[in-house]
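What follows is a short report on a single structure.
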Amino acid sequence: MALSSPSLFSALNSNTTCSVPKVSNFSSSSSSHFPIRPSNSNHSLSISQSKWRTKVSFFPSFLKKGKDAKTIKEELLEAIAPLDRGAGATPQDQQTVDQIARQLEAVSPIKEPLKSNLLDGKWELIYTTSQSILQTKRPKWLRSVTNYQAINIDTLRAQNMESWPFFNQVTADLTPLNPKKVAVKFDTFKIGGFIPIKAPGRARGELETTYLDEELRVSRGDKGNLFILKMVDPSYRVPV
């Protein structure tokens with residue numbers, strides 16, 4: 001977590017089964033009110049063609065069936081696995097990940113994340129496009145090994161945390177803007193996790209949760225950055 005951006009993560013940076021209708025056969029009983037066509041080969045061919053046309057009309061809908069969330073998640077995790085949380089991503093890699101993320105966002109099971117307790121807890125950042133968080137301008141041994149973000153909706157609090165080597169932290173107040181998006185106002189930084197520093201007034205941002213389930217979260221910041229996180233501790237509480 002870089003100490004120069006106001007976005008929530010850049011803390012101070014700102015089967016189908018086709019059902020084919022059956023062709024009805026008219027009864028030849030005397031009670032029928034409809035005239036009975038004589039059976040001949042042309043009539044049989046007509047019925048056969050009708051059945052074929054029926055099958056063809058349903059086939060395109062079978063092809064259009066979309067992937068489910070589980071399949072798309074697997075593709076997304078596979079795409080980001082070799083990218084060192086995004087630090088090793090090329091522009092082509094970023095485009096690929098973004099496209100898969102958008103597919104996943106389209107099938108999010110939670111339409112109003114700010115009303116769901118699945119958002120609560122401690123999340124580990126596994127991919128981002130934010131260079132300030134990835135710290136790509138530093139030597140690799142000076143970059144944080146792991147970044148976490150915690151959110152508690154009941155208290156409208158958030159917290160970003162770095163692991164080794166600096167253990168910096170920042171907490172923030174959240175203000176809902178709509179069922180998916182919050183405004184973020186950072187209040188206190190802790191250098192090394194211990195030394196408190198009041199955040200400047202400009203340390204603000206916005207964060208939108210675009211996909212959420214019990215395992216994975218996708219968010220987008222007001223500066224256009226993409227964040228993909230996995231749940232590591234649903235019981236974690238952000239300090240008030």
Side-chain angles (χ1 to χ4, degrees), residues 1-14 73 75-105 119 121-151 158-172 174 181-182 184-186 188-193 197 199-200 202-212 215-233 236 238:
M1 169 176 55
L3 295 182
S4 60
S5 160
S7 99
L8 184 55
F9 232 111
S10 348
L12 300 173
N13 176 26
S14 250
K73 279 171 58 177
E75 291 180 1
L76 183 61
L77 294 173
E78 182 179 353
I80 67 178
L83 301 181
D84 188 18
R85 298 188 302 156
T90 65
Q92 176 69 42
D93 291 329
Q94 290 182 344
Q95 183 178 13
T96 298
V97 172
D98 188 80
Q99 289 174 345
I100 301 174
R102 291 185 185 279
Q103 293 178 39
L104 190 60
E105 290 165 337
L119 197 57
K122 186 177 182 180
W123 300 81
E124 179 185 342
L125 181 68
I126 58 176
Y127 175 86
T128 185
T129 55
S130 171
Q131 299 304 302
S132 63
I133 292 176
L134 295 171
Q135 304 164 353
T136 51
K137 293 183 179 180
R138 296 182 185 180
K140 193 165 185 177
W141 60 277
L142 285 177
R143 302 175 191 172
S144 60
V145 175
T146 311
N147 291 74
Y148 299 99
Q149 183 179 84
I151 294 179
Q159 181 183 24
N160 291 346
M161 296 158 277
E162 290 181 345
S163 66
W164 172 268
F166 298 111
F167 300 99
N168 295 321
Q169 299 179 18
V170 61
T171 51
L174 307 177
K181 183 185 291 187
V182 292
V184 184
K185 183 180 183 299
F186 294 95
T188 304
F189 294 92
K190 286 188 177 180
I191 308 302
I197 298 177
R202 67 178 182 278
R204 298 170 180 266
E206 293 180 1
L207 189 74
E208 181 175 11
T209 297
T210 52
Y211 177 87
L212 177 66
E215 302 172 330
L216 199 73
R217 172 160 65 94
V218 178
S219 296
R220 294 183 183 270
D222 56 324
K223 297 187 181 301
N225 286 312
L226 174 64
F227 308 97
I228 301 174
L229 309 94
K230 68 176 181 180
M231 173 58 72
V232 293
D233 184 1
Y236 183 86
V238 178

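Position 1 is the first residue of the sequence, and the numbers go up from there.
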request  = Show the numbers, then the answer: is there a salt bridge (Lys or Arg N to Asp or Glu O under 4.0 Å) between Lys181 and Asp222?
outcome  = CA-CA 10 Å; Lys181 183 185 291 187; Asp222 56 324; over 6 Å; no
Any side-chain heavy atom of [X] within less than 4.5 Å of one from [Y]?
{"X": "Arg217", "Y": "Leu119", "result": "yes"}
{"X": "Asp84", "Y": "Leu134", "result": "no"}
{"X": "Asp93", "Y": "Ile80", "result": "no"}
{"X": "Asp233", "Y": "Tyr148", "result": "no"}
{"X": "Met231", "Y": "Glu215", "result": "no"}
{"X": "Val218", "Y": "Leu229", "result": "no"}
{"X": "Arg85", "Y": "Asn147", "result": "yes"}
{"X": "Phe166", "Y": "Ile191", "result": "no"}

Exercise: identify the closest heavy-atom pair between [X] and [Y]:
{"X": "Asn168", "Y": "Gly192", "result": "OD1-N, 3.0 Å"}
{"X": "Ser144", "Y": "Gln135", "result": "N-OE1, 2.9 Å"}
{"X": "Ala158", "Y": "Leu174", "result": "CB-CD2, 3.8 Å"}

key: Pairing residues for Thr96 by the side-chain hydrogen bond (donor to acceptor under 3.5 Å, both in side chains) criterion, not counting sequence neighbours   = none
request  = Quick one: list whatever passes side-chain hydrogen bond (donor to acceptor under 3.5 Å, both in side chains) with Thr209, sequence neighbours left out.
outcome  = none
side-chain contact (heavy atoms from CB on, under 4.5 Å) between Lys73 and Gln103, worked out = CA-CA 9 Å; Lys73 279 171 58 177; Gln103 293 178 39; over 6 Å; no
task = Could you pull out all residues at least two apart from Arg220 that satisfy side-chain contact (heavy atoms from CB on, under 4.5 Å)?
result =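 side-chain contact (heavy atoms from CB on, under 4.5 Å) list for Arg220, sorted by chain: Asp98, Ala101, Arg102, Glu105, Thr210, Leu226.
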Using a distance-only test with no angle check, is there a side-chain donor-acceptor pair under 3.5 angstrom linking [X] and [Y]?
{"X": "Gln94", "Y": "Gln99", "answer": "no"}
{"X": "Arg138", "Y": "Thr136", "answer": "no"}
{"X": "Ser130", "Y": "Thr128", "answer": "no"}

query = For the side chain of Asn160 and the backbone of Gln169, is there at least one donor-acceptor N/O pair under 3.5 Å apart?
reply =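 Between the backbone of Gln169 and the side chain of Asn160 there is no qualifying donor-acceptor contact (under 3.5 Å).
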request  = For a side-chain contact (heavy atoms from CB on, under 4.5 Å) with Gln159, tell me which candidate from Ile151, Thr171, Val170 qualifies.
outcome  = Thr171
Measuring from atom [atom1] of [X] to atom [atom2] of [Y], what distance do you get when rounded to the nearest 0.5 angstrom?
{"X": "Leu216", "Y": "Lys230", "atom1": "CG", "atom2": "NZ", "value": "10.0 Å"}
{"X": "Trp123", "Y": "Met161", "atom1": "CH2", "atom2": "CE", "value": "13.0 Å"}
{"X": "Tyr127", "Y": "Leu76", "atom1": "OH", "atom2": "CG", "value": "9.0 Å"}
{"X": "Leu125", "Y": "Glu162", "atom1": "CG", "atom2": "CD", "value": "11.0 Å"}

request  = Mind running side-chain contact (heavy atoms from CB on, under 4.5 Å) on Gln149 and Lys122 for me, showing each step along the way?
outcome  = CA-CA 6 Å; Gln149 183 179 84; Lys122 186 177 182 180; over 6 Å; no
ask   = How are the rings of Phe186 and Phe189 set relative to one another: parallel (under 30°), tilted (30 to 60°) or perpendicular (over 60°)?
value = parallel
Pair Glu208-Ser219, side-chain contact (heavy atoms from CB on, under 4.5 Å): steps then yes or no = CA-CA 5 Å; Glu208 181 175 11; Ser219 296; over 6 Å; no
